[in-house]
Amino acid sequence: MRLRDWIFTLLISGAGMTLANFIGFKVPVQDSIPGVFVLLAIALCAAGLKAVIPLRLPAVAYCSIIGLLLACPVSPVREFVISAAGKINFTAPLTMVGAYAGMSISNQLKTFFKTGWRYIIIAILVMTGTFFGSLLIAQAALKLTGTI
């Protein structure tokens with residue numbers, strides 16, 4: 001992807017995150033903007049690093065490393081990054097990620113269905129098992145911590 005494409009995609013994502021944060025969690029737009037810019041800057045830097053560094057790491061690994069470095073105790077921008085990103089609810093970016101994932105696999109549904117009905121059943125079982133496994137772990141963690 002070219003830089004122009006990344007910036008366009010990130011701007012669309014930022015608008016979606018801001019809108020999801022406003023509608024879903026009632027966070028005012030002016031409060032969301034700094035956090036969205038921080039997250040988008042991290043994503044843009046990660047895309048740049050992925051293009052420059054010859055390691056075969058996914059972009060999300062670079063995002064995680066950059067985010068950890070910016071939020072670590074020795075970082076001079078730590079307080080700003082944590083306070084700005086803290087105003088973005090975690091599920092607001094996930095809304096956009098889910099939408100992108102849905103769009104990316106929609107082109108490949110015919111290929112998926114050609115693989116056979118057994119693969120479809122396995123995929124449904126894997127997704128269901130993952131959901132219920134996450135549910136059980138979350139339930140146990142919440143009970144152990146006394147949250148519920």
Side-chain angles (χ1 to χ4, degrees), residues 1-53 55-113 120 122-148:
M1 257 176 115
R2 293 184 311 224
L3 179 63
R4 184 184 63 167
D5 297 335
W6 274 106
I7 291 172
F8 178 74
T9 304
L10 290 173
L11 287 175
I12 297 284
S13 299
M17 282 191 293
T18 305
L19 188 63
N21 214 31
F22 175 70
I23 292 172
F25 306 102
K26 309 293 187 247
V27 177
V29 172
Q30 64 271 17
D31 291 348
S32 295
I33 297 287
V36 168
F37 278 134
V38 166
L39 295 176
L40 295 181
I42 290 171
L44 188 61
C45 289
L49 286 177
K50 182 172 174 38
V52 173
I53 297 176
L55 295 175
R56 296 186 58 143
L57 289 175
V60 72
Y62 290 108
C63 280
S64 298
I65 292 167
I66 293 169
L68 286 170
L69 290 174
L70 290 176
C72 75
V74 295
S75 173
V77 293
R78 175 181 190 264
E79 294 301 322
F80 173 73
V81 168
I82 291 174
S83 68
K87 293 180 182 157
I88 305 298
N89 192 295
F90 181 68
T91 55
L94 288 182
T95 305
M96 296 306 294
V97 170
Y100 292 142
M103 289 188 303
S104 71
I105 66 166
S106 65
N107 298 357
Q108 302 166 358
L109 284 178
K110 288 181 183 176
T111 306
F112 178 68
F113 286 121
I120 295 170
I122 289 171
I124 290 170
L125 290 174
V126 166
M127 287 183 245
T128 305
T130 303
F131 174 78
F132 282 112
S134 300
L135 177 99
L136 291 173
I137 292 169
Q139 182 74 17
L142 290 173
K143 281 202 183 247
L144 286 173
T145 60
T147 305
I148 56 170

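FYI, the numbering just counts along the sequence from 1.
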Identify, with sequence neighbours excluded, every residue that meets side-chain contact (heavy atoms from CB on, under 4.5 Å) alongside Lys50.
Ala59, Tyr62
With rounding to the nearest 0.5 angstrom, report the CG to SG distance, Leu40 to Cys45.
11.0 Å
Locate the shortest heavy-atom distance separating Pro93 from Leu39; write the atom from each residue and the value.
CG-CD1, 4.5 Å
Non-hydrogen atoms of Cys63 and Ala43 that approach each other most closely
SG-CA, 3.8 Å
4.5 Å side-chain heavy-atom contact, Asn89 and Val27
no
I need the minimum non-hydrogen distance between Phe22 and Pro28, along with the two atoms involved.
CD1-CA, 4.3 Å
Nearest heavy atoms of Gly14 and Val36, plus distance in Å
CA-CG1, 3.5 Å
Give, for atom CD1 of Ile33 and atom CD1 of Ile88, the distance between the pair rounded to the nearest 0.5 Å.
8.0 Å
For Phe25, look at atom CZ and say whether over 12 heavy atoms of other residues, nucleotides or ligands are found less than 6.0 Å away.
yes
So, taking the atom named OG1 in Thr9 and the one named CZ in Arg4, what distance separates them when rounded to the nearest 0.5 Å?
10.5 Å
Report the distance from atom CG of Leu49 to atom CD1 of Ile66, rounding to the nearest 0.5 Å.
4.5 Å
Enumerate the side chain to side chain donor-acceptor pair (under 3.5 Å) contacts for residues 14-38, please, sequence neighbours excluded, ordered by first and then second residue.
Asn21-Ser32
Between the OG atom in Ser75 and the CG atom in Leu68, the distance rounded to the nearest 0.5 Å is 11.0 Å
Quick note, side chain to side chain donor-acceptor pair (under 3.5 Å) partners involving residues 76-86, not counting sequence neighbours, are none
Measure the CD1-CD1 distance between Ile7 and Ile12 for me, rounded to the nearest 0.5 Å.
13.0 Å
By side-chain contact (heavy atoms from CB on, under 4.5 Å), Phe132 pairs with (sequence neighbours left out) Thr128, Leu135
Going by the rule side-chain contact (heavy atoms from CB on, under 4.5 Å), which residues pair with Ile148 if we only count those two or more places apart in sequence or in a different chain?
Gln139, Leu142, Lys143
Taking only residues two or more places apart in sequence, or in another chain, which ones meet Ala123 in a side-chain contact (heavy atoms from CB on, under 4.5 Å)?
Phe112, Met127
